[in-house]
2 protein chains.
Amino acid sequence: MIEISLWEQLTAFADCGTLSEAAEKLHTSQPALTRSMKRLEAELSLSLFKRSKNHISLNATGRMAVNLARQIVEEDRELVLRLKAYDRSLRTISIGYCAPVPQMVMTPLINNLFEGMTISADMKEDDDFPARLLDGTYQLAVLHYPLTDDRFFCRKCGSETLYLSVPPSSPLAFYPEIHLSDLNGLSVLLLSRIGFWMNVVKERAPKANYLLLVQDSSFMELASHSGYPCFNSSYFIRRGSTIPGRINIPLADAESHTDYYLACLSSETRRFSTLFDQMKKTGIS
Amino acid sequence: MIEISLWEQLTAFADCGTLSEAAEKLHTSQPALTRSMKRLEAELSLSLFKRSKNHISLNATGRMAVNLARQIVEEDRELVLRLKAYDRSLRTISIGYCAPVPQMVMTPLINNLFEGMTISADMKEDDDFPARLLDGTYQLAVLHYPLTDDRFFCRKCGSETLYLSVPPSSPLAFYPEIHLSDLNGLSVLLLSRIGFWMNVVKERAPKANYLLLVQDSSFMELASHSGYPCFNSSYFIRRGSTIPGRINIPLADAESHTDYYLACLSSETRRFSTLFDQMKKTGIS
DNA sequence: TAACATTACGTTAGCCGTAACGATA
DNA sequence: TATCGTTACGGCTAACGTAATGTTA
């Protein structure tokens, strides 16, 4: 069995061209390399080099050995990385959220159920969530569309409806319902981290002037003290926590309502079964 | 960079279940293994084992590590084998012959052209010769059918016709030509190593009683001193070296005549170009 | 003469095996 | 009490670095 370090020294020599240079690169001495290469040849019972009195170079077998050595050295390196990634994955749960409300609802639940684990949450458009589940970036995903592929376990876990929030003084306040396209040309307050909702509103009202706010507090302040329309959610309205002095007007667009779906890999169904159960009971609404 | 020996010791432990048993299997001591496994964990900065005071077993990360370790240990082992095979392939030319005459003609040529190399020759039915060229078992093949696939370089290199050889006293001697099927029911002398010809005669005269002889000398002795029919070849007849006291009768079957084709991998065309040239000039006939 | 590979040689660090220890079933 | 894993310790060898040697461009 040939040790990785020998293969590594061989590839270093191939990269450098001379033993001296390779020795420097490897932070070792030239004689040490000479001996290693001889040891390698001895253990293989193969000649890998053409030697003249003060020059050494690879022969055909040696060149092939370098090709193979590069592979196994790289594999050894990757093995360590994969193992560390696996180990980390045992201690962390990464979740992709397509919208803020599911995260608000689920975060305390998950912290409770998987105590001691590191929880990492992403919020973004959920186009690639299936791929992220497959490649292990996420262990859980909340999407606004169901996954039917049987590599996944997927269940509906709630729904949410968007409303337009305006002061009673606003011209929009007189309509019984509003189309998102009515916002074109208007300035609209919007939180920046709202996942797939961002796509919805930008697609339906592309010509609105969106005032993007990173912080909730800034958003609330502006919403409370200005006349700009903004969005509210059935989740907050249902809980009576609306923006002071504003009314919520239904949106006519079908896209303003969505169902949410919780998904994991089929192979991990059992690991997350309690979470799925709880979400079925409580649900997002 | 983790050395292969450490991975190897890990897999040995996984196979054996206890360090003591693994130590025995590896012809080393138990404390040595304890230290190796601790060193492995230290170099990875990962915990791979659940330890109680007098028991040690793999944790989840450890089990994953074993899976990966098995792979790389196996790859290291295979690397050595592949390298040795490659080295040997540089010093040897393996040739598949579908019949004895091409071998007789080409052996001196090849020994001459590739002096110092080990020449290894196979003789057998040439069904799988293309596959053998592709997988590297053969560098050259002589077939009785052409290869049109452009992964191969293939040229006609001669032909041969089979005759029936009988004493003048034989009842068969009166026919101007004979069908192989006429041999059904008769005893026929046959050399055992005749490649694809064996299939030809056994297919055309399946009910003949073939007296298989391994050695040329035995065959010649019996052919000279018995009345059993046997086969002769245009190659020998053309050179006047027929069996004493026998006549050669043409065979009516189309299969009694064949063309020979010399083939190598397209990628090796240049390496063997001189041989192809010489065979084009001299040819088998 | 500068750069390179190899050989010689003294040193040392790392690994091993034996022995002792502690824990468990 | 037998088995197992860990720790301690002393010894040894394999690999190292320095220095010297020889060769080539």
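As the structure is a prediction and not an experimental result, all values here were calculated from the model.
Between Tyr260(B) and Phe196(B), the angle of the ring planes goes over 60°, which puts this pair in the perpendicular group of the 30/60° scheme.
Atom CG in Leu26(B) sits roughly 11 Å away from atom P in dG17(C) (whole-Å rounding). Whole-Å rounding puts the Lys38(B) NZ to dT7(D) C1' distance at 8 Å. Atom CZ of Arg51(A) and atom C1' of dT6(C) are 9 Å apart (whole Å). In this structure, CG of Leu19(B) is placed 10 Å from C1' of dT6(D), rounded to the nearest angstrom. At whole-Å resolution of the value, NZ in Lys53(A) and P in dT23(D) are 6 Å apart. In this structure, Glu3(A) atom CD and dC15(C) atom P are separated by 11 Å, rounded to whole Å. Rounded to whole Å, the distance from CZ on Arg35(B) to P on dT18(C) is 11 Å. Here dC16(C) presents its P atom at 10 Å from CE of Met37(B), a figure rounded to the nearest Å.
Between Gln30(A) and Pro31(B), the residue anchored nearer the 5' end of DNA chain C, judged by the nucleotide with its closest heavy atom, is Gln30(A). Residue whose closest nucleotide on DNA chain D sits further toward the 5' end, between His55(B) and Ser29(A): His55(B).
Counting heavy-atom neighbours within 6.0 Å of Arg270(A) CZ, excluding the residue itself, gives a total of 12 or less. When the shell of 6.0 Å around CD of Glu24(A) is examined, it contains 12 or fewer heavy atoms from other residues, nucleotides or ligands.
Among the nucleotides dT6(D), dT3(D), dC4(C), the one closest to the side chain of Ile56(B) is dT6(D). Distance from the side chain of Thr18(B) is smallest to dC4(D) among dC4(D), dA5(C), dT7(C).
Side chain of Ser266(A) to backbone of Asp150(A): a donor-acceptor contact under 3.5 angstrom is found.
OP1 or OP2 of dG17(D) sits under 4.0 Å from a side-chain N or O of Thr28(A). For dT24(D), the OP1/OP2 oxygens have no side-chain nitrogen or oxygen of Ser52(A) closer than 4.0 Å.
For the pairing with Phe272(A), the ring pair (Phe, Tyr, Trp, His ring centres under 6.0 Å) check across Tyr138(A), Phe152(A), Phe114(A) returns one residue only, Phe114(A).
As judged by a 4.0 angstrom heavy-atom cut-off over every strand, Thr34(A) is placed among the base-contacting residues.
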